[in-house]
Amino acid sequence: MPTDERLSDDQLQRIANDLRDNWHTGRQVDFEEAIAFHESLPPSKQFATVLESADRPLLQPRAGVPCLEEQIDLLRYLQDEGGADLLPTTIDSYTRDNEYEKAEEGLAASRGSEENELNGFPAVNHGVEDCRRLIRALDAPVEVRHGTPDARLLAMVTLAGGFQSFEGGPISYNIPYTKRHDLATTIEHWQFVDRLCGAYTERGVTINREPFGPLTGTLVPPSIAIAVMLVEGQLAATQGVRSLTLGYGQVGNLVQDVAALRALRALGEEYLPDEVTVTTVFHEWMGGFPPDEARANGVISLGGATAAVAKPDKVITKSPQEFQGVPTKEANAAGLRTTRQLIDMMIEQDIDLGGIDEEQRLIERTTHALMEAVLTAGDGDVARGVIEAFDSGALDVPFAPSDAAKGAVLPARDDDGRVRIFEFADLALPDDIKEIHAARLGERARTEGRDQSFRMVADDVDAISDGKLIGRPTGDGKPAGGASDAD
Amino acid sequence: MPTDERLSDDQLQRIANDLRDNWHTGRQVDFEEAIAFHESLPPSKQFATVLESADRPLLQPRAGVPCLEEQIDLLRYLQDEGGADLLPTTIDSYTRDNEYEKAEEGLAASRGSEENELNGFPAVNHGVEDCRRLIRALDAPVEVRHGTPDARLLAMVTLAGGFQSFEGGPISYNIPYTKRHDLATTIEHWQFVDRLCGAYTERGVTINREPFGPLTGTLVPPSIAIAVMLVEGQLAATQGVRSLTLGYGQVGNLVQDVAALRALRALGEEYLPDEVTVTTVFHEWMGGFPPDEARANGVISLGGATAAVAKPDKVITKSPQEFQGVPTKEANAAGLRTTRQLIDMMIEQDIDLGGIDEEQRLIERTTHALMEAVLTAGDGDVARGVIEAFDSGALDVPFAPSDAAKGAVLPARDDDGRVRIFEFADLALPDDIKEIHAARLGERARTEGRDQSFRMVADDVDAISDGKLIGRPTGDGKPAGGASDAD
Amino acid sequence: MPRTVILGVIGSDAHVVGITILEQALSSAGFEVINLGVQTSQDEFVSAAKSHDAEAVLVSSLYGHARQDCEGLHEELDAAGLDVLTYVGGNLAVGQNDFEDTRETFREMGFDRVFDAETDPEEAIAKLRSDLQLTTTEAEQIKVDG
Amino acid sequence: MPRTVILGVIGSDAHVVGITILEQALSSAGFEVINLGVQTSQDEFVSAAKSHDAEAVLVSSLYGHARQDCEGLHEELDAAGLDVLTYVGGNLAVGQNDFEDTRETFREMGFDRVFDAETDPEEAIAKLRSDLQLTTTEAEQIKVDG
Ligand code: B12
Ligand code: B12
């Protein structure tokens, strides 16, 4: 079982050597020469520099297509027509599974056809030099966004290729993204990734790391998401990461979202070492979207409005085509501009929302309890603690597909639309906190004249795509809104 | 000069008889038979009933095309695909000028072609029976929306035709809409319209009247808009109108907009007789829109969010194609659905904004001062008072094209984006209020390191279409945002 | 007797929320649901169908690789001597495709029915009942039992 | 000597904000602006151009009836013996038309230049300077004077 200790240079070296042979592009990686490439990049392409010095929330979309030229065109479009401040490269699903052979086939097939046969950019297959072509061709810094439990080779290739930010983490890219990876292994794999980032950082090339805050994207209670961010931040800091962007996915309740982002920032400062620069990223609604672009624009706009009030360092935008499939570049750019309009119209307004402090205190108390449980479970070691805590269910994520988590905790919205916990299962929370959740959900149940049940959870899962925030029952036994609103 | 007295039945009758001959369809109007038609309508088509009994903000678009069948299709589409709760029929510009001959030509030309040769529905030319066809064909109540200074014949025909709500008023459809109509005449003309509505009302067919709150749509200070609403409300009430919907156009500052809507409602109750049912309507941003649908969706969404907090009885929506020209039906429906999504996601949230009460008090004090000035100018008669007040500039509207107003008052945004008065000209405000405005604008001038000037006003006029709320200068002497943001 | 259906997300897709909702809806409708979870291989579908003597196999895919992941599934089912009803649903294509083309593709691959992501669970259940020739009374019976 | 331009909104159109901004921009650029305001008839444009010996007539229209309102304007100008530069700008068509078609229509009607609603005042001023053959120095001169 891994412990939260820094990998030695030797270990780093040895693992890197082993990985080199997993796919032929691994052999292109040369650390010294990579440092030189990074040093040749202007400040405007240095991820941490741009992000940490920004005076307004920066916008970043998601985007990845299989072929290099198309990926360049896509990102350039998002930069020029969407006004993206930071660029992404979303990796395909085969690469996420380390199935480079299949990715190679998909890439070849995509090259020969109009259709994209991969749902992202297979960076390992492209190799170091093609990654650099991408970096050179664009004016903004670029991040690798993926969902890969074992992202070691991906990190080696992309960091050598000039990317300066790397999303994910041992929990956030395991629990929501896979079924059979155990946490001990993903922690070890990410210790390597973080150590590699640390190695660059020590040589003056700061690599930004961004744990994936939204987790399953579906009604995740803020305290759970934040606890995972803190644990991943701590693990990364141990390996020498010095630029950390902690994430949080919009739940749609303005007060709760602002409170959660403030709590995330405050707790980040509290739990992470001083030498780490902590920034925050807000993800526009990550759950099911309305099957209607007009309504989707409303969801996106509420995200923009929330960002204008909470002022995170970065916002990951959605497109109005989120429901349907990978968006066209036009729709992707439209999501950026809609968000930008909201932020720029609202950010100078003095918006003082009542109830934020109270909600923030509740989130912080709850997160403290979860962090406490992790540390206790690990006898003071956060790596062991998080494995034990997920194993026992003391820490858990709703709708987790992974065998490594109980996935037994269930969220539901209260009468105000804030996400509360309906089923705690073994979540390590003190009774007084549980009572607050229960009381709020009790209120809602009374308002609706029905019992709390999985039906309520299911209604809440569908609510936003059905056009509401809260999945209230309607006369006909179906939640309000409903398919008839779509077009 | 008119005074605020109720027209006698004789006067009503005489004027109506004269008007009948202005265009042949006037002769189709038969009051008794019209009452019978209205009585045949189900409650779901009764405008006042639907509006006044609603438990959430109702949505209404703007829409008018020349031909009957197309107008029916358009409204049906907005009802079915946009989820419009209340329907409009926007009248063309020739009818607004009482140029029925030209409207007839435009209608004939439109019938023969794919193109629409009129910018609205020429209801007078269509006549009573065609209006009724429209009313019968739809499931929701329909309002006449126009901008006609002398709307007497239009009212006769459309009310007989089954419309149950009529927008406008002697000031709000004069000052922003025309150059050469004097207020004395438009007041007389609207006394007839209001008396006609009163006559229906007395027979049990409540006709809803809606003074046009946004006025010139361009940075109108809330107090000015509200004062005009109150005056028009009083004039209408005198003539027997019992269902009044007072309007207000979004300025884009959340706190100021919510405060203004609350002030509008409170002052409406204060100034209007008890027997009048007062409701409020919020117009999504009425000034220049961004030349980009994605950004326009952001503007619309801020309107929806504001409505969710302020909870007006009705919201008039915009479409993402507002900048370009009369929208397609799809875009119009999209504006409705985007707005609905925001309202439905936010309306159950407890959003308690700091500073609203203070802003509301300022708006109410300022409006009181303006109303005071009107009453004084008219020796206690609101009709005479408003004519005198506009003549002296004691009451004034920014960017008024009308010779009947000074149009000398100039608005600008303060550092928080709230609309303040930069140039008072002869506006009848006490010094302490003027000082508040001056102080806020002084702050902004200091922030920007420039003097208050028309340039600042011009920058604010362009700001939202350029992607910001406040027209801050940028290095290059142009306001922030700028044409390059458009696409 | 409750009818058994196999449910799972195919390939390396991890989108679990849809099948969680589906499982619950199918169970309350009286079906016996074997939920294989996410990232289920073709083999797992086939052997589960066999060992549970299932009447239908419900394949979910959201992440855009459904076509690749489902290729050969029907051949494997045939090889195992299974003549079960097969449904596939979710976001079946990468990008903004026209659903009718997608439906055609999956019908040709052998699926009895193809559902898009707007599908309400009730809709799928109604089809399942009719395809399995459950009479309304039988269906209601099941509901009462379930 | 400042050059005189006539500015107004034609027909029964009351959209005043655009010409208010234009007036201010033209004046600060050193032009002598005769602003006829909104709802200006063709006759008013023609007689103002004549009486002020104007070098350009700038017609604005926003409400969608520009084509009808401008028909015959150039014939009237000709009849009055005026050979002035004519610009038209704003929202010139009803609905969501393609601007190139609209531009063509108004060019054929005789306008020297046709501007859409995205036009920045500075853009129109630059064109005006070049069409009136104001040298840069002359233009700058004007700016200093203005
Ligand atoms: C939540 C979400 C996630 C979460 C998933 C968490 C989890 N483990 O479940 C996270 C963030 C982890 C995620 C990751 C990814 N996602 Co994702 N995700 C979504 C999102 C926003 C909602 C999905 C959802 O939960 N909906 C709610 C449930 C209730 O609805 P549902 O899943 O559609 O299921 C219903 C119906 O489809 C139907 N149904 C489904 N299956 C079947 C089967 C049968 C037989 C029948 C009858 C009916 C049926 O009934 C269900 C119940 O009502 C969708 C977009 C959207 N729809 O708004 C994208 C989306 C599905 N994801 C997408 C992608 C590309 C990915 C990633 C590959 C890339 C990425 N963005 O990181 C990874 C893949 C990871 C992996 N290995 O699978 C794409 C798929 C693109 C495509 N098909 O063209 C989508 C459409 C987003 C987009 N527009 O790009 N995602
Ligand atoms: C504010 C507004 C109003 C206000 C006007 C107040 C007033 N008296 O000025 C009110 C609410 C009263 C109004 C009324 C109407 N309006 Co209106 N209005 C607008 C709106 C939202 C903004 C216009 C504006 O002030 N823009 C800001 C200024 C600075 O920009 P601008 O006017 O475009 O001018 C700039 C450029 O166009 C250019 N320019 C303009 N003219 C010229 C000329 C030359 C020579 C040059 C070089 C450049 C140039 O330079 C200007 C300065 O930068 C526009 C839509 C939009 N653009 O967002 C609709 C819009 C113009 N209105 C429209 C319509 C239909 C009407 C009405 C007929 C119907 C109605 N909705 O009630 C009435 C008409 C009344 C009448 N008799 O004219 C339509 C026109 C449709 C079309 N052309 O197809 C529009 C486009 C809205 C829409 N999408 O339907 N409106």
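Here is how names work: the chains are called A, B, and so on, in the same order as the sequence lines, proteins then strands, and each is numbered from 1.
Panel note: side chain C:Asn91, backbone A:Phe323; a donor-acceptor pair is recorded below 3.5 Å. Remark: side-chain polar atoms of A:Asn119 are not paired, donor with acceptor, to backbone N or O of C:His65 under 3.5 angstrom.
The distance from the CD atom of C:Gln24 to the CZ atom of A:Arg455 is 6.0 Å, given to the nearest 0.5 Å.
When heavy atoms are compared at a cutoff of 4.5 Å, A:Thr178 approaches chain C by way of both its backbone and its side chain. At a 4.5 Å heavy-atom cutoff, the contact between A:Pro176 and chain C is made by backbone atoms alone.
For residues 72-83 of chain C, every residue pair satisfying the side-chain hydrogen bond (donor to acceptor under 3.5 Å, both in side chains) rule, not counting sequence neighbours, is listed here: C:His74-C:Thr86.
Under a cut-off of 6.0 angstrom, the local environment of CZ in C:Arg107 is sparse, with at most 12 non-hydrogen atoms contributed by other residues, nucleotides or ligands. Environment of CG in C:Asp98: crowded, with over 12 heavy atoms of neighbouring residues, nucleotides or ligands closer than 6.0 Å.
Interface residues of residues 11-21 of chain C toward chain A, defined by a heavy-atom distance below 4.5 Å and sorted by number: C:Ser12, C:Ala14, C:Val16, C:Val17, C:Thr20, C:Ile21. Within residues 32-47 of chain C, the residues having any heavy atom under 4.5 Å from a heavy atom of chain A are, by residue number, C:Leu36, C:Gly37, C:Val38, C:Gln39, C:Thr40, C:Glu44.
Residues passing the salt bridge (Lys or Arg N to Asp or Glu O under 4.0 Å) test with C:Arg67 are A:Glu117, C:Glu71, sequence neighbours excluded.
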